[in-house]
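For reference, the structure is listed below as structure tokens.
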Amino acid sequence: MDGLCREYIKIKGGKPLSGVARIHGAKNAVLPILAATVLNAAENVIEDCPDLSDVRATLEILTALGCEAYFENGRAFVDSKNITTASVPFEQMQKMRSSVIFLGALAARLGEAHMCLPGGCSLGLRPIDMHIEALRALGMEIEVDGLCLHCYAKNLHPAEIRLKFPSVGATENAVLAATATQGVTTITGAAQEPEIDDLLHFLRKQGHLVFSDGKGCITINGKQPLHEAHHRVIPDRILAATLMAGVITCGGDVVLENIRPDHMESVLHVFRNMGAIFIFSQNAVRVKASGNVKGDITVETLPYPGFPTDVQSVCMAALLKSEGIHEIRENIFEDRFRVVSEFEKMGANIIPIGNKVRIVGAKALHGADVEATDLRAGAALCVAALGAEGDTRVFSVHHIKRGYDNLPQILSNMGATAVEKG
Ligand code: EPZ
């Protein structure tokens with residue numbers, strides 16, 4: 001195994017959780033916001049920024065582009081006055097496919113952007129056709145030669161962009177590119193995730209005139225005078241859902257601080273059906289569960305405000321030890337069930353049927369050595385380990401570090417026996 005794979009998180013399962021955990025800033029909000037810092041040629045401070053490998057990788061890209069960019073005490077600082085190149089380094093693109101978000105931002109700032117095509121990943125092919133269609137609608141010239149993308153923004157014009165699917169990344173790229181276009185651009189069929197709204201909120205703090213109607217239509221009145229921005233990122237709803245699934249799996253009574261319940265309605269609905277009790281206060285929630293899911297549960301992933309695909313694996317983990325027969329349908333990615341074979345090593349009964357899985361609840365799960373295949377699969381294996389008898393070691397921890405800021409410590413704060421080794 002290479003160095004990365006030898007690391008593992010060891011979890012001793014089988015005991016209820018209790019304690020307090022704080023939800024850190026949202027990975028999927030901070031990444032596009034960091035890309036947007038290239039737009040204002042000024043200082044940007046992003047508060048409650050989680051210390052994630054994806055955040056560090058994005059700051060490395062910003063530094064390679066010529067920005068002064070660093071992370072300190074939960075804050076990201078980016079001064080984008082001096083950008084010296086329009087090319088995103090090859091090795092960074094390979095490390096993190098979501099760097100494609102720099103396409104629109106760099107082209108907007110410099111008039112051009114160059115990067116290698118983002119690879120696929122363990123969730124599927126991850127094409128970027130909608131990104132390219134949206135940028136071309138704004139007048140961007142985009143050439144693909146082999147593995148590289150070259151984007152030129154010489155004749156930008158406002159457009160009415162219609163996305164055929166509410167792609168989060170394509171929406172973000174289109175918004176960032178449209179900020180450099182004189183006139184009003186509309187994007188219909190846009191993604192409505194809370195992270196998109198947080199990006200628009202940050203852009204308005206830079207001076208952009210960008211607004212959403214809350215129903216999938218975004219309007220951008222481009223070429224505004226810009227200035228420095230200071231922003232606090234929204235809480236990470238996927239981290240909150242991950243921890244809630246942990247309580248459902250092994251039972252307990254915990255408090256999660258820094259919560260936006262209005263960002264999680266579809267998740268709370270399913271988790272209530274799974275027996276969780278939520279008691280909300282100021283910006284915290286008390287989560288109580290017996291550790292024994294009863295009844296048959298059906299879940300299907302949909303674009304926001306539907307049930308999030310990023311919660312699919314952890315929800316599955318919480319259904320493995322239960323009394324019912326459950327079904328999960330994945331409508332967003334074509335290959336997001338790779339974690340199934342790892343769950344089966346712990347004694348789970350799962351039948352894949354096309355883009356859905358049927359889960360026959362097991363009386364008990366047992367600890368095992370398992371491998372994270374992607375970020376959310378790794379978190380889901382930790383969730384399943386909390387409800388399993390004995391010790392589980394989750395290898396390939398580097399996947400988990402992309403989106404969770406010290407998950408073992410967060411779980412330990414909730415009373416779990418979780419430690420990182422190797
Ligand atoms: C964002 O990915 C998130 N990543 C994902 O979170 C999340 O699962 C996804 O949105 C859906 O909510 C970040 O925000 C960094 P999409 P993104 O474009 O933008 C297809 C995590 O675990 N598609 O909404 O790549 C695509 O293949 C990650 O935190 C096209 O066909 O997602 C997928 O099947 C995983 N053509 C579907 O649309 C395109 O041009 C949704 O993708 C673009 C996308």
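When reading the values below, keep in mind they use all heavy atoms of this one structure, side chains included, and skip hydrogens, waters and symmetry mates. Counting convention: from 1, in listed order, for ligands and their atoms alike.
- Taking atom 26 (C) of ligand 1 as the reference point, the nearest protein heavy-atom neighbour is Phe333 CE2, 4.2 Å.
- Looking at Ile332 against ligand 1, both its backbone and its side chain come within 4.0 Å, counting heavy atoms.
- With salt bridges taken as basic N to acidic carboxylate O contacts below 4.0 Å, none links Arg22 and Glu257.
- A donor and an acceptor atom, one from each side chain of His114 and Glu112, are located under 3.5 Å apart.
- For His201 and Phe211, the ring centers are positioned 6.0 Å apart or more.
- Salt bridge status for Arg237 with Asp310: absent, with no side-chain N to carboxylate O gap under 4.0 Å.
- Here's the thing with Asp310: one of its N/O atoms is less than 3.5 angstrom from an N/O atom of ligand 1.
- The protein heavy-atom contact nearest to atom 36 (N) of ligand 1 is Asp129 OD1, 2.7 Å.
- Counting protein heavy atoms only, atom 14 (O) of ligand 1 is closest to Asn28 CG, 3.3 Å.
- Lys164 has a carboxylate O that lies under 4.0 Å from a charged side-chain N of Asp129, or vice versa, which qualifies the two as a salt bridge.
- Protein heavy atom in closest approach to atom 18 (O) of ligand 1: Ser167 OG, 2.7 Å.
- Below 3.5 Å of separation, one finds no N or O of Thr309 facing any N or O of ligand 1.
- Taking 4.0 Å as the cut-off, Arg97 counts as a neighbour of ligand 1 on heavy-atom distance.
- Set against the non-hydrogen atoms of Ser98, the atoms of ligand 1 under 4.0 Å away are 15 (C).
- Under 4.0 Å is where a charged nitrogen must lie from a carboxylate oxygen, and between Lys401 and Glu420 at least one such pair does.
- No part of Met96 comes within 4.0 Å of ligand 1, judged by heavy-atom distances.
- We find that Glu72 and Arg75 are not joined by a salt bridge, their nearest charged nitrogen and carboxylate oxygen being 4.0 Å or further apart.
- Counting heavy atoms closer than 4.0 Å to ligand 1, residue Lys27 contributes side-chain atoms (C-beta onward) but none from N, CA, C or O.
- Proximity of His399 to ligand 1 is not established, as no heavy-atom distance is less than 4.0 Å.
- The number of heavy atoms from other shown groups lying within 6.0 Å of CZ (Arg358) does not exceed 12.
- Contacts of Met130 with ligand 1, taken as heavy-atom pairs under 4.0 Å, involve both backbone and side chain.
- Paired with Glu43 under the rule side chain to side chain contact (heavy atoms under 4.5 Å, CB included), one option of Thr37, Val78, Asp79 passes, and it is Asp79.
- Counting protein heavy atoms only, atom 2 (O) of ligand 1 is closest to Arg126 NH2, 3.6 Å.
- We find that Glu195 and Lys27 are not joined by a salt bridge, their nearest charged nitrogen and carboxylate oxygen being 4.0 Å or further apart.
- The two residues Cys382 and Leu411 make their nearest non-hydrogen contact at CB-CD1, 4.4 Å.
- Annotation for ligand 1: atoms under 4.0 Å from non-hydrogen atoms of Arg336 are 8 (O), 22 (O), 35 (C).
- Residue contact annotation: Ala170 has no non-hydrogen atom under 4.0 Å from ligand 1.
- Considering Ile238, Asp236, Val168 only, the shortest heavy-atom separation from atom 24 (O) of ligand 1 involves Val168.
- Under the 4.0 Å criterion applied to side-chain N and carboxylate O atoms, Asp236 and Arg260 are not assigned as salt-bridge partners.
- Set against the non-hydrogen atoms of Gly169, the atoms of ligand 1 under 4.0 Å away are 18 (O), 19 (O).
- Scanning the protein heavy atoms around atom 29 (O) of ligand 1, the nearest turns out to be Arg376 NH2, 2.8 Å.
- Atom 31 (O) of ligand 1 has its nearest heavy-atom neighbour, among Pro127, Ala377, Pro166, in Pro127.
- At a heavy-atom distance under 4.0 Å, no atom of Tyr304 approaches ligand 1.
- For the side chain to side chain donor-acceptor pair (under 3.5 Å) criterion with Tyr404, the lone passing option out of His399, His24, Gln409, Arg376 is Arg376.
- Shown in contact with Ile128 at under 4.0 Å from a heavy atom are these atoms of ligand 1, numbered in order with element: 39 (C), 40 (O).
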